[in-house]
Amino acid sequence: MSARAARSPSASSSEPLLSIGQVLARLANEFPELTNSKLRFLEEQGLVRPSRTRSGYRKFSSADVERVRVVLSMQRDHYLPLKVIRTYLADLDAGKDPAVPGSGAGESVQSIIPVGRRLGRDDVIAEAGATGHLFSDAVSASLIVPAESYTDDTVHVLRALVELQRSGIEPRHLRGFRAAAERELALIESALMPISKRGDAASRAKAQELSGEIAGHFETVRGSLIRQALGRFSN
């Protein structure tokens, strides 16, 4: 990801500008689900600022296209909320050199949705330092959903279960976690229902962004409650 290309674009007068259709064609191989509505949504959110003709048509410079690519890559590879991406771009536009969120450099933002590698069951077990029995117990407790392949997120979960097992905490003790997650999902779906009902691409993109933000707020509240409870041990 090029930080320089992601800075606020300033197209030269001699540079050929692209229409929305040409931008979609240029990015189709990398982002096949990109649509006109998604591009307009990114503009509404202030993430890209194409120029306009006198007739009101949007025209994108090569820097605009690269900025769109950066935004979409950050969403796809890290599922970062748009407000995080917006802050990152604003820092670039201000001449700063911020660390890319979620890259591991500086303060990282944890992804809500797992992406990246696809791993087989045996690969997950080996990377987590677990046993097949522990993996099966995790599946039985609904902490891992059985599938043909798994992500790094599954590895992280299984590693945590390995450490918990060393403290005498087995997957069966955590059966309630899945039910709690389903309740949180129901709350998110209820909160986003007015947006999801619209059905257009921009609304779907907005719902996806908000779902990650709400889930992040749940994590904050849950973490605070656990820290408060742990405080009893120090009293």
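Because only heavy atoms are used, hydrogens play no part in the values below, and waters and symmetry mates are left out as well, while side chains stay in. Keep in mind it's a predicted model, so treat the numbers as computed, not measured.
- Between the side chain of R121 and the main chain of Y150, no donor-acceptor pair closer than 3.5 Å is present.
- For S55 (side chain) and Y57 (main-chain N/O), no donor-acceptor pair under 3.5 Å exists by modelled atom type.
- By the criterion of side-chain heavy atoms lying less than 4.5 angstrom apart, applied directly or through intervening Ile, Leu, Val, Met, Phe, Trp or Tyr residues, I169 is grouped together with L161 in one hydrophobic cluster.
- Among all heavy-atom pairs drawn from V162 and A128, the shortest one is CG2-O, 3.8 Å.
- Under the rule for a side-chain contact (heavy atoms from CB on, under 4.5 Å), the partners of S19 that lie at least two apart in sequence or sit in another chain are Q22, K59.
- L225 belongs to a hydrophobic cluster whose other members, connected by ILVMFWY side-chain contacts under 4.5 Å either directly or through intermediates, are V221.
- Side-chain N/O atoms of Q228 and S224 include a donor and acceptor closer than 3.5 Å.
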Show your working on salt bridge (Lys or Arg N to Asp or Glu O under 4.0 Å) between D64 and R58 and close with a plain yes or no. CA-CA 11 Å; D64 289 323; R58 295 171 177 82; over 6 Å; no
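- Here P98 pairs with Y88, D91, L92, K96 under the side-chain contact (heavy atoms from CB on, under 4.5 Å) rule; sequence neighbours left out.
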Output, in order, the C-alpha distance, side-chain angles, deciding distance and verdict of side-chain hydrogen bond (donor to acceptor under 3.5 Å, both in side chains) for R118 and S149. CA-CA 6 Å; R118 306 300 300 185; S149 62; 3.2 Å; yes
Does the pair V71 and L89 meet the rule for a side-chain contact (heavy atoms from CB on, under 4.5 Å), with working shown? CA-CA 9 Å; V71 172; L89 294 177; 3.8 Å; yes
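- Each of T35, L34, N29 was compared with F31 under the side-chain contact (heavy atoms from CB on, under 4.5 Å) criterion, and only L34 meets it.
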List the steps and the verdict of side-chain contact (heavy atoms from CB on, under 4.5 Å) for L39 and E43. CA-CA 6 Å; L39 274 177; E43 182 184 4; over 6 Å; no
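- With sequence neighbours left out, the side-chain contact (heavy atoms from CB on, under 4.5 Å) criterion links N36 to I20, L24, R40.
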For R159 and E127: C-alpha separation, side-chain torsions, deciding distance, then whether side-chain contact (heavy atoms from CB on, under 4.5 Å) applies. CA-CA 8 Å; R159 281 176 181 163; E127 289 206 22; 4.2 Å; yes
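- In the hydrophobic clustering of this structure, F177 groups with I144; members are Ile, Leu, Val, Met, Phe, Trp, Tyr whose side-chain heavy atoms approach within less than 4.5 Å, directly or through other members.
- Rounding to the nearest 0.5 Å gives a distance of 11.0 Å between CG of D137 and CG of L174.
- By the ring pair (Phe, Tyr, Trp, His ring centres under 6.0 Å) test, F60 pairs with no residue at all, sequence neighbours left out.
- S136 places a side-chain N or O within donor-acceptor distance of the main-chain N or O of G132, the cut-off being under 3.5 Å.
- Residues satisfying the side-chain hydrogen bond (donor to acceptor under 3.5 Å, both in side chains) criterion with E184, sequence neighbours excluded, are R222.
- Taking hydrophobic clusters as Ile, Leu, Val, Met, Phe, Trp and Tyr residues chained together by side-chain heavy-atom distances below 4.5 Å, L47 shares a cluster with M74.
- Inter-residue side-chain proximity for I188 and F218 is flagged as met; some heavy-atom pair is nearer than 4.5 Å.
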